[in-house]
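Heads up, the thing below is written out as structure tokens.
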Amino acid sequence: MASKFQAPRGTFDVLPAQSRARARLQAIATGIFQRAGYETIQTPSFEDTDLFERGVGKSTDIVRKEMFTFEDKGERSLTLRPEGTAPICRAYLEHGMHKLAQPVKLSYVGPFFRHERPQAGRYRQFHQLGIEAIGTASPLADAEVIMLLSDLLGELGVPGVVLRLGSLGSLDARAAYLEELKAHLHRHEGDLTADVRERIDINPLRAFDSDDDGVQGVMASAPTMLESLSDEDAEHFAEVRALLDAAGIGYELDPTLVRGIDYYTRTIFSFVCDTLGAQSEIGGGGRYDGLIEQLGGPATPAVGWAAGIERILLALDEEEPALGRDAFVAIADPEQRGRAMALVTELRNAGFSAEMDLGGRGLKGQLKHADRIGAARVLILEADGSAQLRDMTSGEQRAADTGNLLGEMTGGEA
Ligand code: HAM
């Protein structure tokens with residue numbers, strides 16, 4: 001039954017069988033976020049292009065190559081959101097959230113869009129869930145958000161997760177460090193790939209990400225940000241680590257950790273899963289103390305993360321059992337349709353999952369259908385008004401009193 005239409009490249013349909021695992025994941029995440037005081041926020045699926053150019057950074061791959069940008073009929077440039085932090089900071093400013101009790105703790109889930117080369121774990125429309133704590137510079141906030149992602153992955157049972165932790169320092173220290181790094185890269189230009197060489201002055205940190213042997217050799221002797229932290233930044237980072245130690249959260253210090261977005265300052269982190277292959281990052285984030293100011297607001301420190309729902313599900317690789325139904329109401333005679341509908345409604349209102357035939361099948365066809373959809377019991381309404389209850393597992397069948405339907409369902413007297 002294939003048609004010429006397919007989901008666009010890099011996108012996918014979430015079918016009912018896959019929706020169950022997603023619903024479980026979201027329910028667990030929502031519980032964790034709510035108990036920690038992170039309230040839900042929803043922002044539009046598209047924003048002014050300028051927001052991402054300024055927020056995410058013009059030199060990033062996201063802005064240079066991966067945005068779905070279009071003009072509306074008023075010739076305004078809009079972009080399908082590639083990430084959620086810049087939009088949330090935009091909303092924080094637009095709605096004067098700095099007047100609320102700080103920090104403002106927000107959580108979100110939804111679709112995001114990046115024009116990347118599709119492969120397992122990397123899509124053009126994907127889903128993130130995430131949290132942001134805006135309006136606090138305390139290392140406690142860094143530790144809290146990291147713990148919440150650790151809790152989420154733990155509660156879901158994601159195997160083989162490693163937390164990598166680094167610090168990029170504050171903006172001034174980082175600027176000085178970047179000059180030092182650029183000088184190092186210029187000294188070794190001959191050993192770099194063209195791509196890395198071209199970006200020495202635009203985004204030298206990305207050289208740490210290269211998998212080219214020559215570049216890796218150069219980076220092995222490069223100065224690292226961790227060695228260049230200012231005293232305040234080093235102290236902040238030490239406190240974050242001490243809080244994670246106290247909470248029993250294991251991590252690997254990664255002096256060359258970088259992220260693909262420009263707004264990060266100080267703490268950055270990445271949760272990776274060893275079974276995921278090339279796209280191994282399940283979720284990550286960090287501090288972005290300069291972003292709100294960059295968007296035209298007052299200096300407002302903040303920290304958060306986002307995790308990829310598809311990557312978590314890939315790492316879990318679980319088959320969710322079929323849903324099943326508590327009951328199916330079958331009719332031996334079309335005259336019983338109205339009665340069947342009333343009984344189905346009674347069952348649903350009492351909290352049972354219940355269905356009846358919507359396809360005009362004969363009784364045999366209805367019983368087959370009930371079996372296919374995993375009904376535990378079938379109530380058969382006979383033409384004479386009597387009823388039978390069949391247990392679909394044992395095949396046992398007995399007369400049933402539809403006046404005491406709920407009692408019949410629980411096997412005892414109502
Ligand atoms: P990000 O690292 O760009 O950060 O994305 C977060 C997560 O989204 C990744 O760890 C990955 O699991 C998932 N992801 C990213 N791109 C794709 C893709 N093409 N296909 C499937 N999954 C993908 C951010 O977006 C930041 N806003 C995180 C943050 C929040 N930082 C501070 N607060």
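These figures come from a predicted structure and were not determined experimentally. As the structure lists them, so they are numbered: ligands from 1, and atoms in each ligand from 1. Counting begins at 1 with the first residue of the sequence.
At a 3.5 angstrom cut-off on N or O pairs, Y108 does not count as close to ligand 1. For ligand 1, one of its N or O atoms has an N or O atom of I282 under 3.5 Å away.
By the criterion of a heavy-atom distance under 4.0 Å, both the backbone and the side chain of E281 are placed next to ligand 1. Proximity of E310 to ligand 1, defined as any heavy-atom pair under 4.0 Å, is not found for any part of the residue. Contact annotation: for F113 versus ligand 1, there are no heavy atoms closer than 4.0 Å. Proximity of E132 to ligand 1, defined as any heavy-atom pair under 4.0 Å, is confined to the side chain (atoms from C-beta onward). At a heavy-atom cutoff of 4.0 Å, ligand 1 is contacted by no atom of V303, backbone or side chain.
The closest heavy-atom contact to atom 16 (N) of ligand 1, among the options H115, R122, R259, R114, comes from R114.
Not a single heavy atom of G130 lies less than 4.0 angstrom from ligand 1. Ligand 1 lies less than 4.0 angstrom from a heavy atom belonging to G283. By the 4.0 Å heavy-atom criterion, Q279 is excluded from the residues contacting ligand 1.
Protein heavy atom closest to atom 13 (C) of ligand 1, with residue, atom name and distance, is G308 CA, 3.7 Å. Counting protein heavy atoms only, atom 31 (N) of ligand 1 is closest to Y264 OH, 2.6 Å.
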